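Chain letters run A, B, ... following the sequence lines, proteins first, then strands; residues in each count from 1. Everything numeric here is computed off the predicted structure, so don't read it as measured data.
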Protein chains: 2
Amino acid sequence: MPRWSPDAALRLEAAAIPLFEQQGFASTTVPQIAEAAGLTTRTFFRHYADKRDVLFLRDREFPHAVSDFMASALPETSAKATVRAGLSAAARGIQNWREPIARRRAIVHGEPALHERELLQRHHLARAIEESLIQRGIDAWQSHTLAAVAVTCFDLAMERWLAGPDDLLFEECVTSAWNDVRDCVDG
Amino acid sequence: MPRWSPDAALRLEAAAIPLFEQQGFASTTVPQIAEAAGLTTRTFFRHYADKRDVLFLRDREFPHAVSDFMASALPETSAKATVRAGLSAAARGIQNWREPIARRRAIVHGEPALHERELLQRHHLARAIEESLIQRGIDAWQSHTLAAVAVTCFDLAMERWLAGPDDLLFEECVTSAWNDVRDCVDG
DNA sequence: GTCTATATCGCGATAGAC
DNA sequence: GTCTATCGCGATATAGAC
């Protein structure tokens, strides 16, 4: 075993979230977070680019997960079907995480600086989807458009899911959101 | 005439943009910008919440312009038609500003911190559209969805417009982007 | 790990506009 | 006088340099 716990990033995240909830993001300092995690300020900034970043640890794996999923899809599947399958898979993957997601969302949406960061993360997700589609031989512009539509639908579905009852299936929200978008542009 | 020029915010913006272009955003300090505008650091922060904000002066009027336009539309016009008319009007409004928009875009997209801010601005725009639609009696969820689709299309159109030839009409790009989105969700 | 620059903001004072 | 925009000083925390 190493002298220091190897999960410093996770411990810092676990220390930060309750502090943000109790005192607010702005009035929580990085030294406070580091001390609560039993680490130093310097260590915090070695794991996270800035104070906001501690709330986006999980998001780092998303682009990787996207390219893994897209690479594993059957080559003959259409671009739209592939993307929809990916959205469904992502929806099923987080179905059991509603409560922590909602808590984190409350923090993020309560602070413009954090909201900004989340929107950039969503943009990076769109880029990952776009690149995977291009890898599959899809036209660049169509890939770009489809990726933008996908993240828009996912976001709409997320809002509907979190606003609904406890047993609501995220996957169904994705389908609803997709149909709503179609009706919007079509009707 | 007042002792101070009343356009302090504009002068700070005019001073900042060339500095960002020449030295980069990160290595330009607020005191530098203030000095170039003949003002003090403290004054900079009274007009702008942070250093990034100086690049988003124009965006402040966008939500207002949206609600003005939507309020002036005929009540019997459908939600979709109203939004599409709004996008076309906005497209015509900036048709002659391609070069400064492209320059500003180069700065913003070169710096993640600025890109973040732009994405938040786009989100506020979507909220403004959404609220105007609700004012017109449109269902809340449909307003939300339509607003998200609208900003997505506008953004796609902007990219296509800036990537195209000098005489390309932004309004046509909006139509193209809208059709592409429809084909994506429909096909 | 330590040191330091600089972004950010609170407070009090000032100077003209009306 | 009152109001508003500016200035100067100073304090703190982030964030990067060494």
Quick one: which protein N/O atoms are closer than 3.5 Å to N/O atoms of nucleotides 3-7 of chain C? Pair and distance per line, please.
unit_1 : atom_1 : unit_2   : atom_2 : d
dA7(C) : OP2    : Val30(B) : N      : 3.2

Is the Lys NZ or Arg CZ of Arg117(B) less than 6.0 Å from the centre of Phe56(B)'s six-membered ring, within 45° of the axis? yes
For Thr41(A), answer base if it contacts any base atom (sugar-phosphate contacts may also be present), sugar-phosphate if it contacts only those atoms, and nothing otherwise; contact means non-hydrogen atoms under 4.0 Å. nothing
Considering residues, nucleotides and ligands other than Glu35(B), do more than 12 of their heavy atoms fall under 6.0 Å from its CD? no
In whole Å, I'd like the distance from the CD atom of Glu111(B) to the P atom of dA15(D). 13 Å
Considering only NZ, NE, NH1 and NH2 on the basic side and carboxylate oxygens on the acidic side, decide whether Arg60(A) and Asp53(A) come within less than 4.0 Å. yes
In this structure, how many angstroms lie between the P atom of dC9(C) and the CZ atom of Arg42(B), rounded? 8 Å
Using atom CD of Glu35(A) as one end and atom C1' of dA13(D) as the other, report the distance to the nearest whole Å. 16 Å
Quick one: does NZ or CZ of Arg104(A) land under 6.0 Å from the six-membered ring centre of Phe20(A), within 45 degrees of the ring axis? no
Length of the CG-P vector between Leu114(A) and dT14(D), whole Å: 13 Å
Leu39(B) CG to dA5(D) C1', straight-line distance once rounded to whole Å: 11 Å
Counterpart residues, side-chain hydrogen bond (donor to acceptor under 3.5 Å, both in side chains), relative to Arg42(A) (two or more places apart): none
Mind calculating the distance between NE2 (His47(A)) and P (dG1(C)) to the nearest angstrom? 12 Å
Listed partners of Thr40(A) passing side-chain hydrogen bond (donor to acceptor under 3.5 Å, both in side chains), at least two apart: Thr43(A)
Could you please name the option among dC9(C), dG1(C), dT6(D) that lies closest to any side-chain atom of Arg46(B)? dT6(D)
Without decimals, in angstroms, what is the distance between Gln32(A) CD and dT14(D) P? 9 Å
